[in-house]
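Below is one structure, written out as structure tokens, with a few remarks after it.
No experiment lies behind these values; they were computed from the predicted model shown.
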Amino acid sequence: MKIPKAMLETQNQSNPLSRSKLIGRCIVSCIFVFLTHLALSVIPRFFSAFSFLTQLALSALLLLLLLGFGGWCRRTLLRAKASAPAFVFFNILFIWGFYFSVIRPAVPQLNDAVFNCGVVFLFIGLYSILTSDPGIVTNGSASPDQTMESSLSQVDKELEPLASGLGHELTHDSGLLMRVRYCKTCKAYIKGLDHHCPAFGNCIGQNNHPLFLILLFGFIGTEASYLACSSLFVAKSGILDRPSELTLSESLAVSTILFTILQLLWQVVFVIWHIYCVCAKIRTDEWIKWKKYPEFQLVIPPKAGLNFRNIRFWNPYDKGIVQNVKDFLAVKH
């Protein structure tokens with residue numbers, strides 16, 4: 001099932017973006033990608049006397065400032081929104097273009113092949129997750145109202161075992177089919193909703209969660225490959241011997257290294273979190289909002305002399321690490 005264009009741009013499915021707005025958002029994203037990398041090149045060019053860790057911290061601070069400034073510009077000056085998936089796409093394209101024009105001559109063939117294959121994989125993966133069905137609950141109704149009503153009806157049917165007083169004892173083998181959650185961004189009910197990912201312009205749910213994890217590993221591997229290639233360029237060009245005399249391309253070589261390291265830091269943490277979620281059979285949305293879902297609430301009877309109950313978190317879907325991983329890999333769309 002192909003996701004509507006509205007899903008790709010994290011909008012209401014009943015109000016798809018026009019082609020002109022879509023192109024406008026892509027242009028805004030492209031401009032901000034170039035401005036971001038040009039701004040980051042200032043760090044190694046004018047703060048070369050500082051240590052690498054200090055430059056890394058300054059780059060992180062600058063990215064935060066650019067994020068806030070970019071939001072202000074889009075709201076007040078441009079009065080146009082950017083597209084997060086387009087921002088990711090143009091970032092990959094910028095790094096790849098810079099690699100071909102500057103870094104590649106200093107890189108051995110094996111490293112070159114590994115990095116280029118990684119970039120191609122990212123483009124294919126990004127398109128795949130943009131157009132993937134995360135597990136939308138719908139019967140293909142023509143009108144948005146009918147779609148919402150049918151979604152609610154299907155959710156009610158799938159949640160009926162819990163609503164019929166079964167308590168914490170699950171009768172369905174997988175348990176995933178009952179975990180239908182509502183995404184406010186997409187205005188849709190999603191089976192096994194983990195979270196809505198603005199960077200990929202789609203919900204991450206039962207159907208595309210494995211693809212999401214594979215793509216995250218792809219980003220980490222490709223970025224690690226770029227670090228290896230760009231480090232070879234820095235070593236061969238003698239940048240470290242003359243840090244105060246860097247050209248624009250040499251400054252960009254160092255700044256893209258800093259940018260890539262910052263990306264790796266949060267992505268590795270993110271992957272570790274999702275591996276934990278798979279092993280524990282829990283979703284990010286459920287872990288954050290567990291007090292909203294009754295099946296995750298374990299009621300402890302009040303002690304003598306006390307008149308209030310203690311509610312603790314517990315995971316009724318957890319079957320142990322091995323079985324949880326098997327269930328994750330064996331989910332049927």
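Residues Leu35 and Leu93 do not share a hydrophobic cluster, clusters being chains of Ile/Leu/Val/Met/Phe/Trp/Tyr side chains in contact below 4.5 Å. Ile23 and Val88 are not part of a single hydrophobic cluster, where members link through side-chain heavy atoms under 4.5 Å apart. If you chain together hydrophobic residues whose side chains sit under 4.5 Å apart, Leu38 and Ile31 never meet in one group. Hydrophobic clustering (ILVMFWY, side-chain heavy atoms < 4.5 Å, transitive): Val114 and Phe233 are in distinct clusters. Cluster membership check: Leu265 shares its hydrophobic cluster with Ile95, using side-chain heavy-atom separations under 4.5 Å among Ile, Leu, Val, Met, Phe, Trp and Tyr.
Proximity of Leu258 to Leu262: side-chain heavy atoms (C-beta onward) are nowhere separated by under 4.5 Å. The side-chain heavy atoms of Val325 and Gln323, taken from C-beta on, include no pair separated by under 4.5 Å. Within the 4.5 Å cutoff, side-chain heavy atoms of Phe328 are placed close to those of Pro210. Between Ile311 and Lys291 there is no side-chain heavy-atom pair separated by less than 4.5 Å. Between Ile257 and Phe52, some side-chain heavy-atom pair lies under the 4.5 Å cut-off. Asn202 has its side chain within reach of Ser132: a pair of non-hydrogen atoms, C-beta onward, lies under 4.5 Å apart. Using a 4.5 Å cut-off on side-chain heavy atoms (C-beta onward), Ile204 and Cys197 make contact. For the pair Leu63/Leu40, a side-chain contact is recorded, criterion being any heavy-atom separation below 4.5 Å from C-beta on.
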- Please report the C-alpha distance between Ile261 and Leu56 in whole Å, then the side-chain angles of each, then the deciding distance to 0.1 Å, and finally whether the side-chain contact (heavy atoms from CB on, under 4.5 Å) criterion is met. CA-CA 8 Å; Ile261 291 175; Leu56 191 66; 3.9 Å; yes

Stepwise ring-ring contact (aromatic ring centres under 6.0 Å, His included) check, Phe34 with Phe90
CA-CA 9 Å; Phe34 278 95; Phe90 285 118; 8.0 Å; no

**OP:** Quick one: do Trp96 and Asn116 satisfy side-chain hydrogen bond (donor to acceptor under 3.5 Å, both in side chains)? Show the steps, please.
**Re:** CA-CA 8 Å; Trp96 202 20; Asn116 285 311; 2.8 Å; yes

Q: Kindly indicate, with the supporting measurements, whether the criterion side-chain contact (heavy atoms from CB on, under 4.5 Å) is fulfilled by Leu252 and Val102.
A: CA-CA 10 Å; Leu252 281 169; Val102 177; over 6 Å; no

With side-chain contact (heavy atoms from CB on, under 4.5 Å) as the test, would you mind laying out the steps for Phe50 and Ile43 before giving the verdict?
-> CA-CA 9 Å; Phe50 290 75; Ile43 300 296; over 6 Å; no

Derivation and outcome, side-chain contact (heavy atoms from CB on, under 4.5 Å), residues His209 and Phe212: CA-CA 5 Å; His209 201 177; Phe212 174 75; 4.0 Å; yes

Let me see the working for Phe115 and Tyr99 under ring-ring contact (aromatic ring centres under 6.0 Å, His included), right down to the final yes or no.
-> CA-CA 10 Å; Phe115 176 69; Tyr99 169 82; 4.5 Å; yes

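Looking only at distances, no side-chain donor or acceptor of Ser83 sits under 3.5 Å from a matching main-chain atom of Cys26. A distance-only check finds a donor-acceptor pair linking the side chain of Asn315 to the backbone of Lys281 [under 3.5 Å]. Between the Ser29 side chain and the Arg25 main chain, a donor and an acceptor come within less than 3.5 Å of each other. In this structure, the side chain of Asn111 does not engage the main chain of Val107 through any donor-acceptor pair within 3.5 Å. The main-chain N or O of Ala106 is found under 3.5 Å from a side-chain atom of Lys236 such that the two form a donor-acceptor pair. Without hydrogens or angle criteria, Thr222 side chain to Phe219 main chain gives no donor-acceptor distance under 3.5 Å.
Aromatic pair Trp273/Trp266: centroids not less than 6.0 angstrom apart. The six-membered or imidazole ring of Phe296 lies near that of Tyr317, with a centre-to-centre distance under 6.0 Å. The aromatic ring centroids of His274 and His195 lie less than 6.0 Å from each other.
Of all non-hydrogen atoms in Ser230 and Leu227, the two that sit nearest each other are OG-O, 3.2 Å. Across all non-hydrogen atoms, the minimal contact from Ala39 to Leu66 is CB-CD1, 3.9 Å. What you find for His196 and Cys183 is that their closest heavy atoms are ND1-SG, 3.6 Å. Summarising the geometry of Pro44 relative to Val254, their closest heavy-atom pair is CB-CG1, 3.6 Å, with the distance given to 0.1 Å. Leu264 and Glu223 get closest at one heavy-atom pair: CD2-OE1, 3.4 Å. Minimum interatomic distance between Ile103 and Ala253 (heavy atoms only, all atoms of both residues): CD1-CB, 4.2 Å.
Distance SG/Cys203 to OH/Tyr182: 10.5 Å, rounded to 0.5 Å. Note: Gln267 CD to Leu215 CG = 9.5 Å, rounded to the nearest 0.5 Å. The CD1 atom of Ile129 lies 4.5 Å from the CG atom of Leu211; values are rounded to the nearest 0.5 Å. Atom CZ of residue Phe46 and atom CG of residue Leu58 lie 14.0 Å apart, to the nearest 0.5 angstrom. For the atom pair CZ (Phe100) and CG (Asp112), the distance works out to 6.5 Å, reported to the nearest 0.5 Å.
Within a 6.0 Å sphere centred on CH2 of Trp287, other residues, nucleotides and ligands contribute 12 heavy atoms or fewer. Remark: Ile321 CD1 is loosely packed, at most 12 non-hydrogen atoms of other residues, nucleotides or ligands lying under 6.0 Å away. Counting non-hydrogen atoms of neighbouring residues, nucleotides and ligands closer than 6.0 angstrom, the CZ atom of Phe313 exceeds 12 such neighbours.
Residue Cys277 forms a side chain to side chain contact (heavy atoms under 4.5 Å, CB included) with just one option from Leu213, Thr284, Ile272, Asn324, and that option is Thr284.
Of the N and O atoms on the side chains of Asn208 and Asp133, not one donor lies less than 3.5 Å from an acceptor on the other residue. Between the side chains of Tyr293 and Asp285, at least one donor N or O lies within less than 3.5 Å of an accepting N or O. A donor-acceptor contact closer than 3.5 angstrom links the side chains of Thr256 and Tyr226.
Under the 30°/60° scheme for interplanar angles, the aromatic rings of Phe94 and His37 are found to lie parallel.
Of the charged side-chain nitrogens involved, at least one lies within less than 4.0 Å of a carboxylate oxygen, so that Arg181 and Glu286 count as a salt-bridged pair.
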